[in-house]
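This report concerns only the one structure given below.
Since we're looking at a predicted model, the values are computed, not measured. FYI, side chains are in, hydrogens and waters are out, and symmetry mates aren't considered; it's all heavy atoms of this structure. Order of listing sets the numbers, starting from 1, for every ligand and every atom in it.
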Amino acid sequence: MKFSNLFGKTQKNISTNAESISHQLMLRAGFILQIAAGVYAYMPIAYKAFRKIENIIRNELNKSGAQEVHMPALQPVDLWERSNRKESYGPVLFQLKDRRERELVLGPTHEEVITQMVKSNVESYRDLPLNLYQIQVKFRDEARPRAGLLRGREFHMKDAYSFDMDQNGLDKRYDQMVEVYKSIFQKCGLPVLVVQADSGAIGGKDSQEFILTTDVGEDTIIYCDSCKYVANSEKAVFLHEELPIEDELNLTEVLTPSVKTIEDVSKFFNSDTKKTIKSVMYMINDELVMVSIRGDLEINEIKLSNIFKGKDLRLATDEELIKSDLLPGFISPVGLHNITKIHFLFDNSLKTGNNFISGGNKPDSHYSNVNIPRDILVSEFNDLALADVGYKCTECVNTLSTTKGVEVGHVFKLGTSYSESLGAFYTDEDGSQKPILMGCYGIGVGRVLAAAIEQNHDEKGIIFPPEISPYQIHLVGINLNDNAVAESCNSIYNNLYDNDYEVIFDDRDESAGVKLADADLMGFPIRMVVSLRSLKNNSVEIKLRSESESFLVEINKLEEYLSSIR
Ligand code: ATP
Ligand code: MG
């Protein structure tokens, strides 16, 4: 490819709302164009990288015996009603009507459609197992489409679905897919962490995520160096510190003017935040939910939402609290257990310790010496706490650490929920009808590309891993008005091109500065500069994008050099 023919230009001024580094770099390099919020067009260079990732995924899946299918993005809403997911997906589901007023959705994922396909084609145990996949566009009306290809509203996913006769088969298929995924990311040149994950609205039991660690990823990963426990903080568990039990003291009401936050409270009472109870009010399903947790911990909203089958939740507003006779800033469950319109939840952290401090449910007041169950009736405790760095590992009691990352892949054991709700059964050897066991496995193709850039860049631009780089060689001609330079460049370019090297030749009438800056920005692995200076030594100057030093290679030894690093 000659740069002068390339569709797409590097950009000097880019939108200021590009928050993530991969988004900024892809816009600056002219790789993608925003068409609407969370909707992007790929320019040729980005699409080449996208296709490379897609091909690696396709090859590895084909090798594993999976079969490629293609499903429609447009789906009848009744499929989603039958699987009970129209509601759980909520506003994320794009819905529309056709000219006859029939309701449709744009698929955010394809469990419903694939189950329908399998239902029509599988009769007996002889037709199983199956592993089917597609690489398809998905639509999700994300609350906050952001960071370019990292979180789009229209994006490409490789989604695979497995179908087995029994749990044993599903377990094997799932483990096999975890290995296939590891090999996909290894072939993309991208080291991933495989972490325990929450399975979200898609449901199911076992679930793992493939995380590319980056400085500013959306996901927080909790890990233990000593026993190798790794989990997304959405799911991570930790060992609760057991608080000592003191003699139970009398419940006391204390006047606490303007003391509202947990920090204010512990300062006022000259006590550790561990001795306080924090109560936070949420609205879930139009119901007021009071979550109480030890004051030094934070609430994990994913764990909380899972108790309500993945329903959306939000903090209750002060108006909603006041309407229900609750006092923002001074709330606690003490003395409120008769109020039936509130759903009370308690974190496991409140299982130990006593003589706590909590809100007084009156203006400017707190209780001290709150004791469970004497002052608060608790029917059950739940795990509702967010794990954090420094907490203890449940497996080996070592201290947990944390890192940031981007989820690029996700595998779930779905079990029989879809096959039962959508009627995908098979006849077993003994003639009985059984629901098929399903697994599902996703990789966001565009997100892999963006996350790769998020992980591999410097202040000058992208540093593509060679495996997914759109071009391997960026040939730069400096001073192309000079015949010797122009001739050398053309001959090197033609030679490389004829020998199947993926080479882009910057033949533009631009300054050396512009060309070299663009080469750094676009980030292809090998930069080759031909100039009057390099030709004095009958050489090209080579600089690997991942290294800082350049070196000369004689033109007649170029082929040899390139084969040595291929
Ligand atoms: P997230 O938690 O980031 O919203 P998810 O868990 O809802 O993602 P899955 O349903 O597990 O996503 O989708 C499988 C894969 O598809 C994800 O691992 C990710 O790589 C990709 N993906 C999901 N949502 C998006 C999106 N909005 N834009 C780009 N890729 C996405
Ligand atoms: Mg996921």
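Not counting sequence neighbours, H474 has no partner by the side chain to side chain donor-acceptor pair (under 3.5 Å) test.
The N/O atoms of E218, backbone and side chain alike, include none that comes under 3.5 Å of an N/O atom in ligand 1. For ligand 1, the polar-atom distance check finds an N/O of G444 within less than 3.5 Å of one of the ligand's N/O atoms.
In this structure, G152 counts as a contact residue of ligand 1, since one of its heavy atoms falls inside 4.0 Å of the ligand. For L149, the closest heavy-atom approach to ligand 1 falls below 4.0 Å.
Take a cut-off of 2.8 Å around the Mg ion (ligand 2): the protein N, O or S atoms inside it are E407 OE2, H410 ND1.
Here ring-ring contact (aromatic ring centres under 6.0 Å, His included) pairs that include residues 133-177, with residues two or more places apart or in two chains, are F50-H156.
Contacts between L150 and ligand 1 below 4.0 angstrom, taking non-hydrogen atoms only, involve the backbone exclusively. When non-hydrogen atoms are compared, ligand 1 lies under 4.0 Å from the backbone of R151 as well as from its side chain. At a 4.0 Å heavy-atom cut-off, ligand 1 touches R140 through the side chain alone. Residue contacts with ligand 1 for E142 involve side-chain atoms from C-beta outward but no N, CA, C or O (heavy atoms, distance under 4.0 Å).
No salt bridge links D198 with K303; every basic N to acidic carboxylate O contact stays at or beyond 4.0 Å. Salt bridge absent: K172 and D164 never bring a charged side-chain N and a carboxylate O closer than 4.0 Å. Ion pairing between a basic and an acidic side chain is recognised when a charged N comes within 4.0 Å of a carboxylate O; R151 and E218 show such pairing.
Using a 3.5 Å distance cut-off with no hydrogens or angles, the side chains of T220 and K404 do pair a donor with an acceptor. A donor atom on one side chain and an acceptor atom on the other are not found under 3.5 Å apart for Y42 and R51. A donor-acceptor contact under 3.5 angstrom links the side chains of Q134 and D159, judged on distance only. Side chains of Y181 and Q208: no donor on one and acceptor on the other come within 3.5 Å.
For CD of Q67, the number of neighbouring non-hydrogen atoms (other residues, nucleotides, ligands) closer than 6.0 Å is 12 at most.
Close approach of ligand 1 to V408 is summarised as follows: ligand atoms under 4.0 Å from at least one heavy atom of the residue are 18 (O), 20 (O). Near M157, the atoms of ligand 1 lying under 4.0 angstrom from a non-hydrogen atom of the residue are 13 (O), 14 (C), 16 (O).
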Taking distance alone, no hydrogens or angles, what donor-acceptor pairs closer than 3.5 Å link side-chain atoms of residues 436-454 to residues at least two apart or in another chain?
| residue | atom | partner | partner atom | Å |
| --- | --- | --- | --- | --- |
| Y441 | OH | S162 | OG | 2.7 |
| R447 | NE | L150 | O | 2.7 |
| R447 | NH1 | E407 | O | 2.9 |
| R447 | NH2 | L150 | O | 3.2 |
| E454 | OE1 | S22 | N | 3.1 |
| E454 | OE1 | S22 | OG | 2.5 |

